[in-house]
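Only one structure is covered here, and it is reproduced in the block below.
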Amino acid sequence: LEVSTLKQHMDDLNTQVLAVNKKKTSIKDIAKTYDTMKPDELKAILGGIDDQTVMGLYSNMSSRNRKNILIALPNDRAAHITQLLAGFMD
């Protein structure tokens, strides 16, 4: 009984890892698209995206184009995202 419980737990963890990896790949793919966009183009899109996703996109964009994410956001949200990225907030 204990072995079967552990096996089920391992299967559940593997499923979770696969889901995280799939999401990570998706964010990387989206970030490649956002890399080609100008701040004005990003502005409307980023308004409807949560902070965690914005940070994921920022982290996966080229360092040269990351500024476009922050430029596209309202000043207060850009400051908040910057604090989150720097680890000053939870």
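In this text, all values refer to a predicted model and were calculated from it rather than measured experimentally. The analysis underlying the following values was restricted to heavy atoms, covering all of them including side chains, and did not include hydrogens, waters or symmetry mates.
Counted within 6.0 Å of CG on Asn75, heavy atoms from surrounding residues, nucleotides or ligands total 12 or fewer; the atom is thus considered open. Other residues, nucleotides and ligands contribute over 12 non-hydrogen atoms within 6.0 Å of the NZ atom of Lys67.
For the 3.5 Å distance criterion, the side chains of Ser62 and Asn65 qualify, holding a donor opposite an acceptor.
Here the CG-CG distance, from Leu73 to Asn68, works out to 11.0 Å after rounding to the nearest 0.5 Å. Taking CG from Leu57 and NZ from Lys32, the interatomic distance works out to 13.5 Å, rounded to the nearest 0.5 Å.
Between the Ser59 side chain and the Gly56 main chain, no donor and acceptor come within less than 3.5 Å of each other. Between the Glu41 side chain and the Lys38 main chain, a donor and an acceptor come within less than 3.5 Å of each other.
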Determine, stepwise, if the pair Tyr34 / Asn60 fulfils side-chain contact (heavy atoms from CB on, under 4.5 Å). CA-CA 10 Å; Tyr34 282 23; Asn60 284 286; over 6 Å; no
Please determine whether salt bridge (Lys or Arg N to Asp or Glu O under 4.0 Å) holds for the pair Arg77 and Asp51, giving the CA-CA distance in whole Å, both sets of side-chain angles, and the decisive distance to 0.1 Å. CA-CA 9 Å; Arg77 187 160 184 221; Asp51 291 348; 2.9 Å; yes
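Looking at every heavy atom in both residues, Ala72 comes nearest to Pro39 through CB-O, 3.4 Å. When all heavy atoms of Met61 and Arg66 are compared, the closest pair comes out as O-NE, 3.3 Å. Counting all heavy atoms, side chain and backbone alike, Ile69 lies closest to Val54 at CG2-CG1, 3.8 Å. Nearest heavy-atom pair across Ile45 and Ile49 is O-CG1, 3.5 Å.
The shortest side-chain heavy-atom distance between Ile81 and Tyr58 does not fall under the 4.5 Å cut-off.
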